[in-house]
Amino acid sequence: MRPRKARLDFNQQLLSVVNLSKTDAAVTTTTGATNAITILVKAGFNFNGADLQGIKVPGADLSEGQFDSTLFRGADLVGVNLTRSWLRQADLRNAKMEDVRFGELPNLETGRWVEACVYSPDGKIFGVAQRGGGLIMYDTSTWNMLCQVENVRDAFCVVFSHNSRDIVYGCNDHTLGVWDCINGEKVFHVKGHTEEVTSVACSPCGTQIASASNDYTVRIWNSQTGESVFVLKGHTHKARSVKYSPDGRHLVSGSWDGTIRFWDPETGEPGVVVTPPLGGVYSLAYSPDGHNFVCDIAFSPDGRQIASGRNGGKVRLWDVETCLSIVEGLVLKGHKQAVVKIALSPCGRWIASFSRDETIRLWDLHDTDQQYILADLDEGNYSGIGDMMFSPSGHQLVVVCATGHVVLFVADTQELVQCRKLVWKEAFQKVAYSPNCQQLALGTSRTIKLWDFVSEEPSAMLDGHNGMIVSMAYTPCGQWIASSSVDNTVRVWKRQPEDVEAEVAMESWLCVASILEFFNTVQDIAWNPIVPMEFVTGCQDGSVRVWRVLSYGEGEGEGEDEKGVVVKMQWGTNLGLLCASGLIMKDVGGLSAENKKLLVQRGAIDDYVTLGEGGRLDVEE
């Protein structure tokens, strides 16, 4: 590996080439600057806060680059690739941006829940099925609406015919239909299934339509008349996916019964039945590919092992490096239904699991034949497990319930030491131990309540999220908490000094920063035990990001406010989407109207692009 000093020297040489283009417009200089900045971005160089005013880097590949608060005023960015880049608070005033690529189009806001969407095979039409809002077809060259079929209220799945003329839809009201996109008229709308239609497919020859349903059957229909040709029976659970082979000789269906079944579409005769080892089949592509639903996973404290819960009620231990079961055949069996919650003790000895069979089991990894049923919720006064967690020492397991109960077990003795229903009238969704084991953070539908195991009332309430709490974590010092919610934000809370003059001592916490730049829910948060005030987030948008909490003046970043705290992103992987909140793009040259709308949707500031109500792009009809 290149020595660190040599790498730094090389980076500085590349930066000097980029900066030279500010004053030298020669082709050789701009070409060199374009290559230099491309190399730096691909090497992971962080340009946050950099002064790049007036640089000339036409055609540079800046995709996935980090340019938060970067100055691009007057820069030549013609033809630059900015796909998945971070441009928060970047200043692009007077920059040249002809043919800039962001890799994304503006959002289409239909105003209703979208159940399914599909492109026509020729790519000219985009079809959308809305919950309670019918079908909408868009012209992909202009994204103007072609037509809206309002009398189809419950479409759940859609597919185009192979000639791109017709769109086939299956509905929650057990019906199936075909719409002619060219003439704008219904071909047919028929009922045959007795439960929801979950998947539809068109045969390559265009003469058949196949449908799968929650009634356990697959049906084949005449695509011209809507006549039911065959009812294919064999699945013993909901049929969730159906596909024709590319040559049309086979029809394949997948079901929650865990099987993939092949059929002859010409005769309706059953063929081979495949049973993948992964459980229920949710989706199929040709060749057959079933997708397993893993209910929950947990890492061991040293990060070398994973415990996973599965639909079959089993717990399995895996080696992270090899992705193989640690001991061949080591499967912890006992639950009768799907395992939905897993917790590993910090000491590495215990696994706790909760199943839909309403039992909590404790497994001793020092003796894998040993297991204990800690609780049977069918026999207790509490139910609806929200979360469970071992104490930092690993000696205790706390379980919180939707009924408002907090249940405490001792792992070594399997003793129930406390089962208490708190009178706060809220269901508990998440739990986190303080580092000194003297306090619990309890996540509810919108708030975080701190409890000391004794009091009737919470010692503090952290109120600010606008949705269910998903994750919480204390810093090792116990003075800070980071939390996430289904509102797609992360909040950082700080314990405030006690008021010594107050008659009643009351713990006080303050939200000192909010991070808004997530495109989905942050599922987990963890503080770095080595680097102070650094935490990592894992998000459903596919990204992993590392953040640093700084005092005001140490840096700039998301979350800066009057509380004197700044939360700055250090680095991230798989950031996934363009991020442009606070980007200034006034008087940029050559930026297309489509890209302007995209940037404004992502939070950019511009005087002459107007969005509809709620910040959406209004779709012209």
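Bear in mind that the values here come from a model prediction, so they are computed numbers and not experimental data. Sequence positions, counted from 1, serve as the residue numbers for this chain.
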Atom [atom1] of [X] and atom [atom2] of [Y]: how far apart are they, to the nearest 0.5 Å?
| X | Y | atom1 | atom2 | answer |
| --- | --- | --- | --- | --- |
| Tyr244 | Trp263 | OH | CH2 | 12.5 Å |
| Cys181 | Leu135 | SG | CG | 8.5 Å |
| Asp387 | Ile469 | CG | CD1 | 12.5 Å |
| Ser345 | Trp350 | OG | CH2 | 8.0 Å |
| Asp215 | Thr194 | CG | OG1 | 4.0 Å |
| Ile351 | Phe390 | CD1 | CZ | 8.5 Å |

Test your reading of the model: is there a side-chain donor-acceptor pair from [X] to the backbone of [Y], 3.5 Å cut-off?
| X | Y | answer |
| --- | --- | --- |
| Gln208 | Pro265 | yes |
| Thr140 | Gly123 | yes |
| Ser255 | Thr259 | no |
| Asp487 | His465 | no |
| Arg602 | Cys579 | no |
| Ser471 | Ser484 | no |
| Arg219 | Gly192 | yes |
| Asn488 | Thr521 | yes |
| Ser63 | Thr83 | no |
| Asn81 | Asp61 | no |

Check against side-chain contact (heavy atoms from CB on, under 4.5 Å), Phe126 and Ser120: CA-CA 6 Å; Phe126 184 70; Ser120 62; over 6 Å; no

More than 12 heavy atoms of other residues, nucleotides or ligands under 6.0 Å from NZ of Lys186: is that the case?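 Open: at most 12 neighbouring heavy atoms sit under 6.0 Å from NZ of Lys186.
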
Measure across [X] and [Y] and return the closest heavy-atom pair with its distance rounded to 0.1 Å.
| X | Y | result |
| --- | --- | --- |
| Gly226 | Val190 | O-CG1, 3.8 Å |
| Glu594 | Pro106 | O-CG, 3.3 Å |
| Leu176 | Ile209 | CD1-CG2, 4.2 Å |
| Cys539 | Phe518 | SG-CD2, 4.1 Å |
| Ile167 | Met137 | CD1-SD, 4.1 Å |
| Val200 | Ser211 | CG1-CB, 4.2 Å |

Exercise: do Arg261 and Ser253 side chains pair donor with acceptor under 3.5 Å: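 Checked: Arg261/Ser253 side chains show no N/O donor-acceptor pair below 3.5 Å.
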
Under 3.5 Å, is there a donor on one side chain and an acceptor on the other for Thr217 and His235?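 Note: Thr217 and His235 side chains miss the donor-acceptor criterion.
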
Sequence neighbours excluded, which residues qualify as side chain to side chain donor-acceptor pair (under 3.5 Å) partners of Ser223?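 Not a single residue meets the side chain to side chain donor-acceptor pair (under 3.5 Å) criterion with Ser223.
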
Does Asp180 have any side chain to side chain contact (heavy atoms under 4.5 Å, CB included) partners at least two apart in sequence or in another chain, and if so, which?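 Scan of Asp180 (side chain to side chain contact (heavy atoms under 4.5 Å, CB included), adjacent residues dropped) gives Arg165, Asp166, Ile182, Asn183, Glu185, Val187.
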
Identified side-chain hydrogen bond (donor to acceptor under 3.5 Å, both in side chains) counterpart of Asn214 within the set His174, Arg240, His193: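 Testing each of His174, Arg240, His193 against Asn214, the sole residue satisfying side-chain hydrogen bond (donor to acceptor under 3.5 Å, both in side chains) is Arg240.
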
Using a 4.5 Å cut-off on heavy atoms from C-beta on, say whether the side chain of [Y] contacts that of [X].
| X | Y | answer |
| --- | --- | --- |
| Arg446 | Asn466 | yes |
| Pro121 | Phe160 | yes |
| Val470 | Val486 | yes |
| Thr489 | Ile515 | no |
| His162 | Cys202 | yes |

Please list all pairs meeting salt bridge (Lys or Arg N to Asp or Glu O under 4.0 Å) that have one or both residues in residues 129-138, counting only residues at least two apart or in different chains.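 Non-adjacent pairs meeting salt bridge (Lys or Arg N to Asp or Glu O under 4.0 Å): Glu115-Arg131.
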
Specify whether Tyr169 and His189 have parallel, tilted or perpendicular ring planes, treating 30° as the upper limit for parallel and 60° as the lower limit for perpendicular.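 Because their plane-to-plane angle lies in the 30° to 60° range, the rings of Tyr169 and His189 count as tilted.
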
Parallel, tilted or perpendicular, judged at 30° and 60°: which one describes the rings of Trp143 and Tyr138?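 Geometry flag for Tyr138 against Trp143: tilted rings.
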
Taking ring-ring contact (aromatic ring centres under 6.0 Å, His included) as the definition, give me every residue that meets it alongside [X], ordered by chain and number, with sequence neighbours left out.
| X | result |
| --- | --- |
| His237 | Tyr216, Trp256 |
| Phe102 | none |
| Phe230 | none |

Test Val400 against Val407 for side-chain contact (heavy atoms from CB on, under 4.5 Å), laying out the working first. CA-CA 6 Å; Val400 296; Val407 188; over 6 Å; no

Before giving the answer on side-chain contact (heavy atoms from CB on, under 4.5 Å), spell out for Leu82 and Val100 the whole-Å C-alpha distance, their side-chain angles and the decisive distance to 0.1 Å. CA-CA 7 Å; Leu82 288 169; Val100 167; 3.9 Å; yes

Among Val168, Val197, Val242, which residue meets the side-chain contact (heavy atoms from CB on, under 4.5 Å) test with Cys157?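 Of the listed options, the one satisfying the test is Val197.
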
Could you walk me through whether Phe428 and Cys401 satisfy the side-chain contact (heavy atoms from CB on, under 4.5 Å) test, starting with their C-alpha distance in whole Å, then the side-chain angles of each, then the deciding distance to 0.1 Å, before giving a yes or no? CA-CA 6 Å; Phe428 300 135; Cys401 306; over 6 Å; no

